Amino acid sequence: MKIACIGAGYVGGPTMAMIALKCPHIEVVVLDINEERINAWNSDTLPIYEPGLLEVVQAARGRNLFFSTDTSKHISEADIVFVSVNTPTKTSGIGAGKAADLTYWEGAARMIASNSKSSKIIVEKSTVPVKTAEAIGKVLSRNCSDPSVQFEILSNPEFLAEGTAIQDLMKPDRVLIGGSDTPSGRAAIKALKEVYENWIPSERVLTCNLWSAELAKLTANAFLAQRISSINAISALCEETGADVQQVAHAIGTDSRIGNKFLNASVGFGGSCFQKDILNLCYVCETVGLKEVAEYWYQVVSMNDHQKNRFVERVIGSMFNSVKNKKVAIFGFAFKKDTGDTRETPAIDVCKGLIQDGAICAIYDPEVSPEMIFRDMSTPKFEWDKPNYTKSASRFLENVLIGSSAEDAVKGAHAICVLTEWDRFKDYDYKAMYEQMSKPAFVFDGRNILDHDKLREIGFIVYALGKPLDPFLQKVY
Ligand SMILES: NC(=O)C1=CN([C@@H]2O[C@H](COP(=O)(O)OP(=O)(O)OC[C@H]3O[C@@H](n4cnc5c(N)ncnc54)[C@H](O)[C@@H]3O)[C@@H](O)[C@H]2O)C=CC1
Ligand SMILES: O=C(O)[C@H]1O[C@H](OP(=O)(O)OP(=O)(O)OC[C@H]2O[C@@H](n3ccc(=O)[nH]c3=O)[C@H](O)[C@@H]2O)[C@H](O)[C@@H](O)[C@@H]1O
């Protein structure tokens with residue numbers, strides 16, 4: 001059997017590497033139009049940072065795992081074609097700012113149709129609006145000149161989280177396969193199920209109809225994001241009332257119906273998918289006339305925006321209502337720890353908010369390059385999710401400094417803002433940092449990872465998100 005995957009990104013690369021590792025009898029080729037990315041996959045400096053990924057790639061690459069830009073050859077030879085291209089939010093036209101932009105998906109479908117000389121199973125790996133399989137089916141059937149070629153479309157959404165992608169792929173809670181309830185649909189589901197059953201217990205491979213699989217992916221992300229917005233909403237109330245959000249989260253999380261995961265209050269959720277997928281869900285709801293349902297889910301995004309703004313206002317308000325010309329050290333720019341991914345990271349909005357008030361942000365992240373930070377700080381919203389956006393990097397931005405280390409970022413700073421929960425931030429010598437800072441020296445912990453009592457003993461004024469407010473932090477009007 002031969003598998004091809006169109007899209008060598010955060011999903012296509014790791015998922016195909018895992019299939020290749022676990023199925024040595026299957027040849028897996030990952031394809032992309034971005035040559036730089038393919039070259040990186042073929043080197044030991046992979047294009048994405050993901051713990052354990054290099055080892056998996058090295059074990060299978062050259063054996064049965066290949067990365068290539070030769071799309072026509074490998075699509076034509078494949079029995080199963082996964083499509084894992086980006087499905088960003090539309091930036092213009094009908095549905096701008098909400099609807100999924102399926103340009104890349106449609107491009108991939110046309111590429112499959114024009115290069116197919118034999119029947120194939122097409123697997124939707126990208127997250128797509130419900131009913132996309134129907135649209136893609138039309139593109140495929142109308143663009144393939146050989147009437148004997150049949151395409152069977154399956155929906156097989158991916159649930160991995162960045163930073164833990166390898167363990168998520170190795171031992172997923174479930175794999176979901178949606179397909180048509182026809183003889184050829186059932187045969188395709190069986191074929192894909194057999195691939196996963198090489199390492200995943202069969203009871204964890206769930207099957208359902210196409211539309212349920214497509215909608216389940218959007219729903220899973222909406223529910224996960226909703227938990228974060230819910231606890232973040234409560235974090236705001238905690239600060240006003242003297243309650244402690246971590247104690248509240250623990251108290252509710254011990255109820256087995258609620259569960260204790262995904263209840264960390266934060267400066268806001270980021271990442272390439274939560275916001276995009278909820279907006280997409282809202283758009284689908286609006287399109288079918290479910291205005292109230294769309295408004296309900298939209299609140300999850302709007303609460304997230306509120307949380308980021310609230311953090312910015314807290315920093316500025318605490319620093320005597322002005323951060324003009326004050327250096328603020330930013331610890332962490334990635335959207336979560338253990339990844340170098342900055343797509344929709346809350347750090348972008350927080351830094352932009354502080355800079356708007358005149359602050360000088362000195363940003364340090366162990367896995368994010370200065371080029372990426374400059375690019376993110378100068379790229380308009382939603383424009384980042386384009387395959388070639390990496391080409392428009394800016395090299396200088398007023399009020400943005402890059403710290404070569406955390407120590408470098410804090411020199412002369414008035415405040416530290418912790419925006420990503422990197423473990424190493426817990427172990428710094430904060431006493432030495434305090435000595436290097438302007439006084440009063442503030443710490444704004446947007447992830448609640450530091451030892452706040454210890455910081456207070458050193459002399460810092462500490463804001464811990466969702467925790468009783470230090471009297472020093474009351475706003476100045
Ligand atoms: N990043 C994540 O953790 C997760 C993402 N997803 C979904 O998976 C999909 C892909 O996401 P990522 O891997 O993060 O995106 P990505 O942007 O990292 O990768 C997509 C790749 O597709 C390539 N591409 C676009 N059109 C192409 C074409 N016609 N031919 C060949 N290559 C083409 C791009 O050059 C890019 O390298 C999205 O729909 C996303 O919502 C789902 C679960 C997790
Ligand atoms: O479709 C996707 O792209 C993926 O989106 C998320 O994965 P990911 O965005 O990689 O990472 P998460 O761990 O979900 O974190 C997302 C954001 O929420 C924040 N978060 C997470 C958990 C929490 O308790 N609090 C919180 O603020 C994180 O810091 C991060 O900014 C989902 O967890 C995956 O199941 C899904 O496949």
Side-chain angles (χ1 to χ4, degrees), residues 4-15 30-38 40-41 47-48 50 68-69 71-72 74-75 82-89 100-112 124-129 132 156-165 168-169 172-173 217-218 220-225 227-232 235 249 253 260-277 280 304 307 332 334-339 341-347 384-390 419-421 446-448 465:
C5 174
I6 305 179
Y10 285 85
V11 170
T15 50
V30 195
L31 304 163
D32 209 291
I33 40 175
N34 183 334
E35 200 175 337
E36 215 178 302
R37 223 169 197 191
I38 290 297
W41 280 110
I48 60 175
E50 190 63 54
S68 171
T69 50
T71 45
S72 47
H74 295 291
I75 289 170
F82 283 79
V83 182
S84 186
V85 298
N86 38 331
T87 48
T89 306
D101 180 351
L102 294 177
T103 311
Y104 307 101
W105 229 111
E106 193 180 325
R110 288 176 191 279
M111 206 185 244
I112 296 170
E124 282 180 354
K125 197 45 136 173
S126 301
T127 304
V128 290
T132 297
N156 172 219
E158 183 50 58
F159 296 101
L160 69 80
E162 288 176 30
T164 54
D168 293 343
L169 289 167
D173 286 348
K217 175 61 195 176
L218 293 182
N221 275 359
F223 269 59
L224 288 168
R227 271 176 84 88
I228 304 168
S229 278
S230 297
I231 200 69
N232 281 346
S235 76
N260 60 8
K261 293 184 184 156
F262 249 67
L263 283 178
N264 291 322
S266 67
V267 62
F269 60 73
S272 61
C273 295
F274 279 173
Q275 174 176 277
K276 147 178 104 64
D277 294 345
N280 179 352
N304 197 47
Q307 187 75 346
F335 81 99
K336 64 185 281 198
K337 72 171 180 178
D338 293 336
T339 177
D341 193 354
T342 60
R343 296 178 292 178
E344 287 297 333
T345 176
W384 49 266
D385 204 356
K386 303 272 168 72
N388 57 359
Y389 96 106
T390 47
L419 302 186
T420 312
E421 73 280 24
R447 296 285 185 167
N448 282 334
L465 195 132

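Please read all numbers here as calculations on a predicted model, not as lab measurements. Both ligands and their constituent atoms are indexed starting at 1 by order of listing.
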I need the minimum non-hydrogen distance between [X] and [Y], along with the two atoms involved.
{"X": "Pro157", "Y": "Lys217", "result": "CB-CB, 3.5 Å"}
{"X": "Val85", "Y": "Ala108", "result": "CG1-CB, 4.3 Å"}
{"X": "Asn232", "Y": "Asn304", "result": "ND2-OD1, 4.5 Å"}
{"X": "Thr420", "Y": "Gly332", "result": "OG1-C, 3.0 Å"}
{"X": "Leu465", "Y": "Ala265", "result": "CD2-CB, 3.7 Å"}
{"X": "Glu344", "Y": "Gly271", "result": "CB-O, 3.2 Å"}

Supply the atom-to-atom distance [X] [atom1] to [Y] [atom2], rounded to the nearest 0.5 angstrom.
{"X": "Ile75", "Y": "Ile6", "atom1": "CD1", "atom2": "CD1", "result": "3.5 Å"}
{"X": "Phe335", "Y": "Asp341", "atom1": "CZ", "atom2": "CG", "result": "5.0 Å"}
{"X": "Thr71", "Y": "Met111", "atom1": "OG1", "atom2": "CE", "result": "4.0 Å"}
{"X": "Asp338", "Y": "Thr164", "atom1": "CG", "atom2": "OG1", "result": "8.5 Å"}
{"X": "Leu31", "Y": "Ile38", "atom1": "CG", "atom2": "CD1", "result": "6.5 Å"}

Please work out, at 4.0 Å between heavy atoms, whether the side chain, the backbone, both, or neither of [X] comes within that distance of ligand 1.
{"X": "Ser126", "result": "both"}
{"X": "Arg343", "result": "side chain"}
{"X": "Ala165", "result": "neither"}
{"X": "Leu160", "result": "both"}

Residue, atom name and distance, where the atom is the protein heavy atom closest to [atom]:
{"atom": "atom 14 (O) of ligand 2", "value": "Phe262 CZ, 3.1 Å"}
{"atom": "atom 29 (O) of ligand 2", "value": "Arg447 NH1, 2.6 Å"}
{"atom": "atom 35 (O) of ligand 2", "value": "Phe159 O, 2.7 Å"}
{"atom": "atom 25 (N) of ligand 2", "value": "Asn264 O, 2.8 Å"}
{"atom": "atom 30 (C) of ligand 2", "value": "Phe335 O, 3.4 Å"}
{"atom": "atom 3 (O) of ligand 2", "value": "Cys273 SG, 2.8 Å"}
{"atom": "atom 16 (C) of ligand 2", "value": "Phe274 CE1, 3.6 Å"}
{"atom": "atom 17 (C) of ligand 2", "value": "Gly270 O, 3.5 Å"}

Counting from 1, what ligand 1 atoms have a heavy atom of [X] closer than 4.0 Å?
{"X": "Thr87", "answer": "38 (C), 39 (O), 41 (O)"}
{"X": "Ser272", "answer": "1 (N)"}
{"X": "Lys217", "answer": "43 (C)"}
{"X": "Ser84", "answer": "10 (C), 20 (C)"}
{"X": "Gly9", "answer": "13 (O), 16 (P), 18 (O), 19 (O)"}
{"X": "Met111", "answer": "29 (N), 30 (N)"}
{"X": "Ile6", "answer": "28 (C), 30 (N), 31 (C), 32 (N)"}
{"X": "Gly7", "answer": "21 (C), 22 (O), 23 (C), 32 (N)"}

* **Matching residue for Lys276 among Asp101, Thr87, Asn86 - test: side-chain hydrogen bond (donor to acceptor under 3.5 Å, both in side chains)** => Thr87
From [atom], work out which of [options] has a heavy atom at the shortest distance.
{"atom": "atom 19 (C) of ligand 2", "options": "Asp168, Ile228, Asn304, Leu263", "result": "Ile228"}
{"atom": "atom 4 (C) of ligand 2", "options": "Leu160, Val267, Val11", "result": "Leu160"}
{"atom": "atom 1 (O) of ligand 2", "options": "Glu162, Lys217, Glu158", "result": "Lys217"}
{"atom": "atom 11 (O) of ligand 1", "options": "Val11, Thr103, Thr71, Asp32", "result": "Val11"}
{"atom": "atom 12 (P) of ligand 2", "options": "Lys336, Gln275, Glu344", "result": "Lys336"}

Hey, is the main chain of [Y] close enough, under 3.5 Å, to the side chain of [X] for a donor-acceptor pair?
{"X": "Glu50", "Y": "Gly163", "answer": "yes"}
{"X": "Lys336", "Y": "Glu421", "answer": "no"}
{"X": "Trp41", "Y": "Gly13", "answer": "no"}

* To do: Show your reasoning for whether side-chain contact (heavy atoms from CB on, under 4.5 Å) applies to Trp105 and Val128.
  => CA-CA 9 Å; Trp105 229 111; Val128 290; 3.3 Å; yes
For ligand 2, which is the ligand I care about here, please tell me if [X] has any N or O atom under 3.5 Å from one of the ligand's N or O atoms.
{"X": "Glu421", "result": "no"}
{"X": "Ser266", "result": "yes"}
{"X": "Gly271", "result": "no"}
{"X": "Ser272", "result": "no"}

* Quick one: side chain to side chain donor-acceptor pair (under 3.5 Å) partners of Glu124, sequence neighbours excluded? -> none
* Structure fact -> Residues passing the salt bridge (charged side-chain N to carboxylate O under 4.0 Å, His left out) test with Glu162, sequence neighbours excluded, are Arg343
* To do: Please confirm whether Thr127 comes under 4.0 Å of ligand 2, counting heavy atoms of the residue only.
  => no
* **Sub-4.0 Å heavy-atom approach of Lys261 to ligand 2** => no
* To do: Flag the pair Phe269 / Leu224 as yes when at least one side-chain heavy-atom distance between them is below 4.5 Å, and no otherwise.
  => no
* What are the atoms of ligand 2, with element, lying closer than 4.0 Å to any heavy atom of Asn221? -> 1 (O), 2 (C), 5 (O), 32 (C), 36 (C)
* **Element-labelled atoms of ligand 2 that are located less than 4.0 Å from some non-hydrogen atom of Ala161** => 7 (O), 10 (O), 11 (O), 33 (O)
* Asked: Just distances here: any N/O of Glu162 and N/O of ligand 1 closer than 3.5 Å?
  -> yes
